[in-house]
Trainee: 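Next up is a structure, given as structure tokens.
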Amino acid sequence: MSVVDAALARRAAAILRAGGLVAFPTETVYGLGAAADDPRAVAAIFAAKGRPADHPLIVHVADAAAASSWTAGIPPPALELMRRFWPGPLTLVLARAARAHDGLTGGQDSIGLRCPSHPWPQALLAELGRLGSDPAAAIAAPSANSFGRISPTDAAHVRADLGEKPGGVVDLVIDGGPCPVGIESTIVDCTGDVPRVLRPGSITRAMLAEVLGALPALAGPRDPGPRASGTLERHYAPRKPLELLAGHALCARINELRNVPLAILAPAAALLDAPAQVVLRLVAEPAPERYARRLYEHLHRMDESAAQRLLISLPPDSEDWEAIHDRLRRAAAGTIDD
Ligand code: TXA
Ligand code: MG
């Protein structure tokens with residue numbers, strides 16, 4: 001993980017305080033941040049991403065004490081989850097406090113709060129808090145990609161998509177190297193009778209169950225819960241048609257697409273005798289944590305390659321791969337044109 005440059009952190013915090021947008025690394029993906037208290041700056045996030053205004057944002061805080069100034073109450077299970085998983089890749093949806101304006105919540109009565117472990121957001125929050133003499137200062141930040149595109153896990157992804165001013169839309173892009181987790185935080189809705197998972201992530205439902213005492217349900221895509229942009233049918237999508245295939249079906253599909261340039265993400269063994277039409281072959285990591293770390297980088301590379309079609313061999317079906325399956329399904333939804 002990158003070491004924070006203190007002078008750059010101060011400059012970034014000053015930009016945030018003045019209403020600007022700063023893209024920064026977190027342990028999950030790069031975020032596009034604005035001072036959470038500044039409705040105009042928060043509105044600028046939506047404009048920069050081309051994101052519908054009624055989609056709520058995640059608000060990043062330095063610790064649980066800061067979180068309490070943004071929520072009307074933290075129920076006991078949420079408190080337990082904070083104790084166990086914060087700082088880290090867990091977002092909790094809680095009843096909002098008056099401080100959480102409609103621009104952050106999409107007009108809902110709940111707010112998504114996350115305390116990141118990465119040194120860059122921690123440094124930005126500390127500096128922003130210092131500038132405003134407010135330890136509960138917060139940074140609203142969705143993933144730093146255009147709406148519906150592949151999430152960024154590297155500063156180069158942000159520069160290529162949103163870009164830095166004057167050519168792009170972000171005031172400052174902080175390069176903190178690749179994100180160690182690589183997929184977005186697990187989101188747990190704690191506003192109902194029992195917590196439920198709105199978006200799976202590297203903190204699995206089995207890990208949550210250790211704290212909650214029971215396996216939380218996973219809200220389905222058509223579940224009428226709070227709106228989450230990550231629950232749209234198609235999201236995190238490459239531009240090129242992407243197909244997900246069971247491992248045993250890969251070979252036959254490559255044969256069918258004989259004259260089409262392909263990019264393939266599959267276990268090493270499946271790539272050994274791939275024919276020449278395969279212009280990019282990427283080796284799928286055998287463990288979910290390592291697969292997640294490189295997933296978006298792989299999707300970016302496949303999308304930018306000379307391939308016309310992208311094929312991904314589906315990883316195992318077990319619970320620890322749930323978040324990967326979720327992201328792969330979203331990436332592939334609706335992109336096949338035949
Ligand atoms: O790992 C992450 O969570 C990254 C980094 C930057 O922290 N952020 C991220 O933000 O993934 P974004 O905006 O791309 O996704 C935020 C998700 C959306 O699906 C949003 O709808 C949901 O969180 N969300 C935020 N507040 C919510 C609320 N009050 N109720 C339901 N969903 C909420
Ligand atoms: Mg996103």
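Order of listing sets the numbers, starting from 1, for every ligand and every atom in it.
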Trainee: Please state whether Thr105 comes within less than 4.0 angstrom of ligand 1, counting heavy atoms only.
Mentor: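 Thr105 does not count as a contact of ligand 1 under the 4.0 Å cut-off.
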
Trainee: Quick check: does Ser143 have an N/O/S atom under 2.8 Å of the Mg ion (ligand 2)?
Mentor: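 A backbone or side-chain N, O or S atom of Ser143 is under 2.8 Å from the Mg ion (ligand 2).
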
Trainee: Mind checking whether Leu32 and Lys49 have side chains closer than 4.5 Å, heavy atoms only?
Mentor: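 Yes - at least one pair of side-chain heavy atoms lies under 4.5 Å apart.
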
Trainee: Assess, by modelled atom type and distance only, whether the side chains of Arg199 and Thr186 contain a donor and an acceptor separated by less than 3.5 Å.
Mentor: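 Checked: Arg199/Thr186 side chains show no N/O donor-acceptor pair below 3.5 Å.
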
Trainee: Does Lys49, backbone or side chain, put an N or O under 3.5 Å from an N or O of ligand 1?
Mentor: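 No; the residue has no nitrogen or oxygen that sits under 3.5 Å from a nitrogen or oxygen of the ligand.
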
Trainee: Should one rank Gly112, Ala219, Ala95, Pro56 by closest heavy-atom distance to atom 33 (C) of ligand 1, which comes out on top?
Mentor: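 It is Pro56 that holds the nearest heavy atom.
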
Trainee: Ignoring hydrogens and geometry beyond distance, is a side-chain donor-acceptor pair present between Thr28 and Glu184 at under 3.5 Å?
Mentor: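 Not at all, the side chains of Thr28 and Glu184 share no donor-acceptor pair under 3.5 Å.
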
Trainee: Given Pro152, which partner from the list Val173, Leu162, Val158 fulfils the side chain to side chain contact (heavy atoms under 4.5 Å, CB included) test?
Mentor: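 Running side chain to side chain contact (heavy atoms under 4.5 Å, CB included) over Val173, Leu162, Val158 with Pro152 returns exactly one hit, Val158.
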
Trainee: Quick one: does Pro89 get within less than 4.0 Å of ligand 1, heavy atoms only?
Mentor: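 Per 4.0 Å heavy-atom rule, Pro89 does not contact ligand 1.
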
Trainee: Testing the 3.5 Å rule here: is there a donor-acceptor pair between the side chains of Ser185 and Thr91?
Mentor: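 Side-chain D/A pair, Ser185 to Thr91: present.
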
Trainee: May I ask you to list the atoms of ligand 1 that are less than 4.0 angstrom from any heavy atom of Ser143?
Mentor: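 Reading through ligand 1 atom by atom, the close ones are 8 (N), 9 (C), 10 (O), 12 (P), 14 (O).
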
Trainee: Does any N/O atom on Arg114 come nearer than 3.5 Å to any N/O atom on ligand 1?
Mentor: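 Among all N and O atoms of Arg114, at least one is under 3.5 Å from an N or O of ligand 1.
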
Trainee: Closer than 4.0 Å to some heavy atom of Ala141 - which atoms of ligand 1 meet that?
Mentor: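 Those of ligand 1 that fall under 4.0 Å from Ala141 are 6 (C), 8 (N), 10 (O).
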
Trainee: Using a 4.0 Å cut-off to any heavy atom of His60, which atoms of ligand 1 qualify?
Mentor: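 In order of number, 5 (C), 6 (C), 7 (O).
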
Trainee: Assess, by modelled atom type and distance only, whether the side chains of Arg327 and Ser151 contain a donor and an acceptor separated by less than 3.5 Å.
Mentor: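 There is no such pair between these side chains.
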
Trainee: If you draw a 6.0 Å radius around CZ in Arg159, do more than 12 non-hydrogen atoms from other residues or ligands fall strictly inside?
Mentor: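 It does: Arg159 CZ has more than 12 such atoms within range.
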
Trainee: Considering only heavy atoms of Ser110, which atoms of ligand 1 have at least one such atom less than 4.0 Å away?
Mentor: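 Answer for ligand 1: 28 (C), 29 (N), 30 (N).
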
Trainee: Report yes or no: does a heavy atom of Arg51 sit under 4.0 Å from some atom of ligand 1?
Mentor: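 So Arg51 counts as touching ligand 1.
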
Trainee: Would you say the side-chain atoms of Ser146 and Asp161 include a donor-acceptor pair closer than 3.5 Å?
Mentor: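 Yes.
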
Trainee: Report whether Leu212 and Leu94 are members of the same hydrophobic cluster (ILVMFWY, side-chain heavy atoms less than 4.5 Å apart, transitive linking).
Mentor: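 Same cluster.
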
Trainee: In ligand 1, which numbered atoms sit nearer than 4.0 Å to a non-hydrogen atom of Ile111?
Mentor: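 Matching atoms, with element in brackets: 29 (N).
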
Trainee: Hey, are Arg96 and Ser110 close enough side-chain-wise for a donor-acceptor pair under 3.5 Å?
Mentor: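 Checked: Ser110/Arg96 side chains show no N/O donor-acceptor pair below 3.5 Å.
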
Trainee: Please identify which atoms of ligand 1 are closer than 4.0 Å to at least one heavy atom of Leu57.
Mentor: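 Once the distances to Leu57 are compared, the set is 25 (C), 26 (N).
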
Trainee: Would you say ligand 1 has an N or O under 3.5 Å from any N or O of Thr26?
Mentor: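 N/O-N/O distance under 3.5 Å: no.
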
Trainee: For Arg199, is the nearest heavy atom under 4.0 Å from an atom of ligand 1?
Mentor: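 Under 4.0 Å: yes for Arg199.
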
Trainee: Hey, which atoms in ligand 1 end up nearer than 4.0 Å to a heavy atom of Ser185?
Mentor: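 This gives 1 (O), 2 (C), 3 (O) as the contact atoms.
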
Trainee: Going by the atom numbers of ligand 1, which of them fall below 4.0 Å from some non-hydrogen atom of Ile187?
Mentor: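 What qualifies from ligand 1 is 17 (C), 22 (C), 23 (O).
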
Trainee: Before we go on, tell me: are the rings of Phe147 and His55 under 6.0 Å apart, centre to centre?
Mentor: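 Centroid distance Phe147-His55: below 6.0 Å, so yes.
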
